[in-house]
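To start, the structure itself, in structure tokens.
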Amino acid sequence: MNIDPNLAHTVLADVVGQFVSMPVDFSDFPLLPKTLDNESLSLIRESARLAAQGDIDGAFALANNSPSEYFEFDYLKGKIMFARKDFGEATYWFNRAVIKFPEYGELWFLYGIANYQSGFLSEAFHDWAVAKSVNEDHQDAKLLLELATLMTKTTHPHLDPLNETGAVTNIGKGSEKSGYHDDSTILSFLGGKAQYERWITSAQSFVTKINSIPLTPDGKVDRQVESMIRRSHTSLLVTSGFSGKVAKTSAGMNIPYVALVTADSLVDRIDHNHFDLSTTFLFTDSEVSVKRYSDAGMKSACYLPPGVDESVIGNVVGSSQPDASLCVVKYNAGARYSEIIDRLKSLLMNKDKSVDEKNEALRFMRFIGNALTAAPEGGGGINDHLSGDNALLARLQFDEKELYKALDDEACHRSVSTLVKNLGGVVLSSPSDLAVSDNKAPPVTIIKIRASNDGALPQELFDSLAMGRFVLVNKTDSVMGLFTPDEDLVIYEDLSQINELAEFYQARPDLRARVTQSAMRKIMDKHTLRHRWKTILDTVGAS
């Protein structure tokens, strides 16, 4: 090959880019029709047909729902992910496929490209070498392997697949030289990639590589998943929610494990058999939950309030002069209360239930009705009114903590409804309406935090402040601990204050502007996802 050896890495990148940009060929399905049963043969043909016609999602759904253990299905799913340019997941499926049928050169060739695109260059070179060994006529694999060989002999000797140091390649992400986040840090997110979309971009400033490694459908870490973790030289495993299986796996490989847990994850429903592992770090958005997790045996439970994506800071879309009478009310609506009432109604309508059981259900409905009447704002009084009747809860098979949360949800909803009736020109919205695409920028945003949140602050509070919204929020210890009243936001202690406060600030745009600017500065300085990552990595590094 007549090229400058010092430019081999550039030529390789260009050639791989050309392969990636080409349409994926799905014509090699089925590969071994004589080994497939009739049902699987029909499914793989139909899946490949859909993929070839451009129905990538339909093809994947059909292949993924197949119970078949034939390697063709793993290979097809890898190709589909390759077509989606989701190379991290493509390597997962290709890895499953090569374990079942390692004699197919094209599979190894694509596996190498997916690894290359994921930043695993040594693995990619190895895959192309295998592709060439099992298929001497695979010209594309020969070409890429020649370029790779030039690289390992000149500019990139540390990438030699025979190098036993396990060195990894920095793919160009910046990194900070303090704490745990240095040039060797590789994050592997276990689970669905969509769970981490908000986190991934911000993490790129701190780490060398980011991997998305899907767990098995039942959430387990099987041999293939563990193999991917080892092969990626992972420095830190991250999951949304706590998994005892992942905690045990990470401890076995001596890899720190970070679980991102919300206050809604009840401590008594989380598998905490492995809480005492020194490699496990749990970060939750509630200081109250931190104490509960610590009491349950978690050695490293830390407070981590929500953070915002820096791209939304100050980014309010819509009228620059909104209607002065407009307010938006944000609150955490819950469906638990309706589910409880539906269960009680079903019990009352059940012909198989005795009169005594139905009377007990009626008594319970009156009981919770009285509790809601006594705590109209959901201000923490719900628990007091329900205490002392655990036997009744047990007979009706209601979880006590879930019931408290459900009733607090309903109390919060009722208090917001009262607020809406008392305010003129109010638009009642769900938290999802807080998106950047809002067509109005209301002068006042009113947020109601549930008492049952265990002190956790809702994401919409941080997003509202980041986007330049003037916020009225009810008083909680967490709000007071992170923000300065009358400088970053305005506190109301009961609903009777809302009208006066909203009217006062609606009529004073200059005062509102000072408060919103202060809030945006505080968010930028302390409450972005970058700050959250720094907290996580510094905590892990200090252990």
Side-chain angles (χ1 to χ4, degrees), residues 9 12-13 16-17 20 81-82 84-95 111-128 148 151-152 155-161 163 165-215 221 224-240 246 249-250 253-258 260 279 281 529-530 532-534 536-538 540-541:
H9 63 287
L12 177 60
V16 171
V20 168
M81 290 300 170
F82 192 98
R84 285 179 174 175
K85 305 295 189 289
D86 193 341
F87 300 106
E89 293 209 23
T91 59
Y92 171 75
W93 294 111
F94 287 152
N95 182 62
Y111 190 15
I113 291 182
N115 267 320
Y116 182 92
Q117 290 296 103
S118 300
F120 306 140
L121 305 195
S122 293
E123 289 87 343
F125 299 168
H126 170 267
D127 297 339
W128 295 329
M151 285 176 58
T152 58
T155 57
H156 293 69
H158 59 290
L159 293 180
D160 188 337
N163 187 332
T165 63
V168 298
T169 308
N170 190 314
I171 58 175
K173 303 299 180 186
S175 59
E176 297 189 9
K177 299 292 185 179
S178 60
Y180 189 74
H181 35 97
D182 55 32
D183 282 340
S184 66
T185 304
I186 303 175
L187 291 180
S188 287
F189 293 96
L190 299 186
K193 185 176 180 181
Q195 300 176 57
Y196 306 102
E197 288 296 339
R198 293 181 62 254
W199 288 85
I200 287 177
T201 301
S202 56
Q204 289 175 341
S205 298
F206 293 96
V207 302
T208 302
K209 296 180 187 175
I210 298 173
N211 308 315
S212 178
I213 300 179
L215 295 169
V221 182
Q224 287 85 1
V225 174
E226 186 170 333
S227 174
M228 290 186 69
I229 294 171
R230 292 185 185 279
R231 292 181 70 246
S232 66
H233 310 290
T234 294
S235 307
L236 185 66
L237 290 172
V238 182
T239 64
S240 177
V246 176
T249 297
S250 65
M253 294 188 287
N254 198 29
I255 299 174
Y257 164 49
V258 167
L260 306 173
T279 52
F281 300 83
L529 288 175
R530 282 173 51 82
R532 301 301 176 253
W533 271 120
K534 189 174 188 306
I536 291 172
L537 297 174
D538 284 348
V540 173

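Computed from heavy atoms alone, side chains included, the values below leave out hydrogens, waters and symmetry copies.
Here the rule is side chain to side chain contact (heavy atoms under 4.5 Å, CB included) with Leu187, and of Ile536, Ile200, Val207, Thr234 only Val207 fits it.
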With ring pair (Phe, Tyr, Trp, His ring centres under 6.0 Å) as the test, would you mind laying out the steps for Tyr257 and Phe281 before giving the verdict?
CA-CA 6 Å; Tyr257 164 49; Phe281 300 83; 9.1 Å; no
Evaluation steps, side-chain contact (heavy atoms from CB on, under 4.5 Å), between Thr91 and Tyr111
CA-CA 6 Å; Thr91 59; Tyr111 190 15; 4.1 Å; yes
Applying side-chain contact (heavy atoms from CB on, under 4.5 Å) to Phe87 and Asn115, what does each step give before you reach the verdict?
CA-CA 7 Å; Phe87 300 106; Asn115 267 320; over 6 Å; no
Let's go through Leu236 and Leu537 carefully: what are the C-alpha distance in whole Å and the side-chain angles of both, what is the deciding distance for side-chain contact (heavy atoms from CB on, under 4.5 Å) to 0.1 Å, and is it a yes or a no?
CA-CA 9 Å; Leu236 185 66; Leu537 297 174; 3.7 Å; yes
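The OG1 atom of Thr249 lies 6.5 Å from the CD1 atom of Ile229; values are rounded to the nearest 0.5 Å. One distance of note links CD1 of Ile113 with CZ of Phe94; it measures 9.0 Å at 0.5 Å rounding.
The minimum heavy-atom distance linking Phe82 with Ala114 is given by the pair CE1-N, 4.2 Å. Ala124 and Gly112 make their closest contact through CB-O, 3.1 Å (heavy atoms, listed as atom of the first residue, atom of the second, distance). Closest approach of Met81 to Glu89, counting heavy atoms only: CE-OE1, 3.6 Å. Counting all heavy atoms, side chain and backbone alike, Ile213 lies closest to Ser188 at CD1-OG, 3.7 Å.
Ser202 places no side-chain N or O within donor-acceptor distance of the main-chain N or O of Arg530, the cut-off being under 3.5 Å. The main-chain N or O of Trp199 is found under 3.5 Å from a side-chain atom of Trp533 such that the two form a donor-acceptor pair.
The side-chain heavy atoms of Leu12 and Tyr116, taken from C-beta on, include a pair separated by under 4.5 Å.
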